[in-house]
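Okay, structure first, notes after.
From a predicted model like this one, the values you see are computed outputs, not experimental measurements. For ligands, and for the atoms within them, numbers begin at 1 and follow the listed sequence. Numbering of residues begins at 1 and proceeds along the displayed sequence.
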Amino acid sequence: MDPKLQTQLAEQVARRRTFAIISHPDAGKTTLTEKLLLYGGAIHLAGAVKGKKSQKSTTSDWMELEKQRGISISSTVLQFEYQGTQINLLDTPGHKDFSEDTYRTLMAADAAVMLIDGAKGVEPQTRKLFEVCRLRDIPIFTFVNKMDRPSREPLDLIDELEKVLGIRSAPMTWPIGSGDRFRGVYARDPSLEGGGELHLFDTGGNASVSKKLQADRIPMAGKSDEELAELFSGESLDVYDGKALVEALKAELELLEFAGDPYDHERVLKGALTPVFFGSAISNFGVEWFLQNFIRIAPPPGPRESSVGVIEPTDPRFSSFVFKIQANMDPQHRDRVAFMRICSGRFERNLEAQHLRTGKPFKMARPLNFFGQERVIVEEAWPGDVVGMVDTTGSLRIGDTLATGKPAPEYEGMPSFSPEHFAQVLIKDPMKRKQLQKGLEQLSEEGVVQVYRQRGLGDKDPILGAVGALQFEVLQFRLQAEYGAESRIERLPFTLARWVRGPGFDAAAFEREDSRCLEDRDGNPVVLFKTEWGFRYARENHKALEFLTTAPRG
Ligand code: G4P
């Protein structure tokens with residue numbers, strides 16, 4: 001290969017970090033993202049950072065539905081540079097717009113930042129997103145937020161990470177108090193830049209308006225308890241509070257020798273150990289320091305398995321896969337944009353790649369980045385980057401590989417993730433049944449909803465599944481706008497689905513009061529349950545069977 005390109009590739013790969021933030025609504029993702037962007041140079045807004053409820057949205061209102069709801073249904077990537085590192089922060093829709101796209105985006109990330117509200121601990125949405133990260137064992141960094149508010153005991157939080165998520169923690173920093181008594185963090189891990197130092201939180205009595213970017217950093221070694229108590233008491237606390245904080249910190253640090261693990265880079269990279277940091281995004285406390293350590297520890301784009309073996313990101317063959325398709329972002333254009341994550345090689349505009357699923361050539365004539373409502377043509381991109389591709393003819397699907405070279409690598413398709421909302425779609429005008437069918441077929445291929453067959457009914461009266469309920473509205477909207485089929489959605493009372501396989505599987509055994517057995521579009525059996533309890537009961541009664549949260553592949 002061209003040695004110049006080889007050097008360029010190696011450099012560009014090494015300086016990229018592509019990650020997503022996983023959290024439960026209200027943990028502070030928007031706030032943290034905004035603070036991270038503060039440190040970035042050029043901000044490429046690809047439809048991310050939702051405005052806070054009260055603020056005007058910073059996103060463009062692409063879809064009519066987005067306009068009506070004032071939310072961003074689908075957004076993509078924030079790209080910024082920090083201290084020579086190119087950061088691609090993939091946006092994971094999390095509020096009402098939580099959908100299968102949120103999961104799929106995680107398949108395009110090389111690491112995740114798990115943001116936890118210190119007062120709440122691990123919440124349901126965080127858990128689900130964590131499980132998806134686990135499918136690929138990507139490194140997970142934990143940021144415990146809102147320490148300026150009364151929080152739960154930090155040792156409890158560490159314990160919860162292990163009990164609920166099954167991941168061990170390496171506390172990199174440790175908080176000194178919380179709420180009114182939050183005095184900062186101790187950088188306990190010696191591997192940290194600034195390890196052994198105290199970072200004092202200067203609230204000036206009002207954490208929420210603190211604009212301070214850098215905390216005061218003081219080495220802890222050699223300080224007597226009295227000196228520490230003095231430091232911790234600061235302006236707002238008296239010396240007794242200071243003493244209590246010193247005692248608590250020292251006792252906790254001792255306990256941590258057992259409760260937490262030492263930092264181990266290899267285990268972090270395998271997703272077996274999560275480095276934990278504490279801070280307060282709103283007061284910008286601990287954010288820059290977190291970012292600095294994150295880019296140091298988090299991996300650059302790595303190798304991926306393909307049909308022709310493992311592909312290194314520095315492989316000269318360009319390769320990428322589609323992880324999201326967004327339609328009608330601009331009602332004026334009425335087009336579709338397929339977002340792809342680049343895995344290897346250099347991307348250039350007008351590159352002619354192969355579309356591996358169809359075997360046809362695909363010319364990348366209109367690769368785009370989005371700046372608010374403006375679209376900007378991308379001339380060049382590298383592994384780890386995300387590029388939007390206009391696909392007016394609808395030839396791209398979620399999970400498709402676009403690649404060059406002989407042989408061109410193909411990546412395994414995107415899994416289907418277990419839906420939590422179910423419905424039947426009913427046509428208002430029976431004459432439009434054909435349009436409905438075509439629309440359902442295409443929109444499910446695009447990944448808007450999943451379509452299941454009822455056993456024995458073929459394609460008649462399919463049942464729809466979605467990870468987020470809003471997808472049904474998106475479907476309804478698009479069926480009408482693009483296929484002229486006005487429909488009605490009737491929700492069904494199921495709450496979870498599992499793909500089931502194993503010896504002695506009998507679909508009839510799941511046709512019960514609280515469960516039903518359907519087939520996905522590849523003919524795999526999928527059982528829907530009304531309650532978590534019903535699911536557990538079934539699992540207990542069918543111990544030989546596997547109940548999977550993603551569709552079986554191959
Ligand atoms: P999300 O995107 O994860 O849903 O969370 P978002 O950043 O919107 O934050 C949710 C709420 O938590 C916001 O308050 C935000 O100001 C607050 N918040 C975020 N980080 C911190 C923190 O470190 N400390 C404290 N005390 N609060 C934090 P809100 O009242 O819902 O909205 P707003 O009125 O502030 O806009």
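- With respect to the salt-bridge test (charged N to carboxylate O, under 4.0 angstrom), the residues K35 and E288 do not qualify.
- Counting the atoms of ligand 1 from 1 in the order shown, those under 4.0 Å from a heavy atom of T30 are 1 (P), 2 (O), 7 (O), 8 (O).
- Near K29, meaning under 4.0 Å from one of its heavy atoms, ligand 1 places the atoms 1 (P), 2 (O), 3 (O), 5 (O), 7 (O).
- By the 4.5 Å heavy-atom criterion applied to side chains, R336 and V390 are not counted as neighbours.
- Looking at F285 and V185, their side chains come closer than 4.5 Å, going by heavy atoms from C-beta outward.
- Every atom of ligand 1 is numbered from 1 in the order shown, and the set under 4.0 Å from a heavy atom of D26 is 1 (P), 3 (O), 4 (O), 5 (O), 10 (C), 12 (O).
- Taking all heavy atoms of K35, M147, K146, R149 into account, the minimum distance to atom 28 (C) of ligand 1 is reached by K146.
- For the pair E131 and T549, the minimum side-chain heavy-atom distance is 4.5 Å or more.
- In this structure, R152 does not pair ionically with D159, as no charged nitrogen and carboxylate oxygen lie closer than 4.0 Å.
- Looking at heavy atoms from C-beta onward, F19 lies in side-chain contact with F294 at the 4.5 angstrom threshold.
- Proximity of D148 to ligand 1, defined as any heavy-atom pair under 4.0 Å, is confined to the side chain (atoms from C-beta onward).
- For ligand 1, one of its N or O atoms has an N or O atom of S280 under 3.5 Å away.
- Residue contacts with ligand 1 for P25 involve N, CA, C or O but no side-chain atom from C-beta outward (heavy atoms, distance under 4.0 Å).
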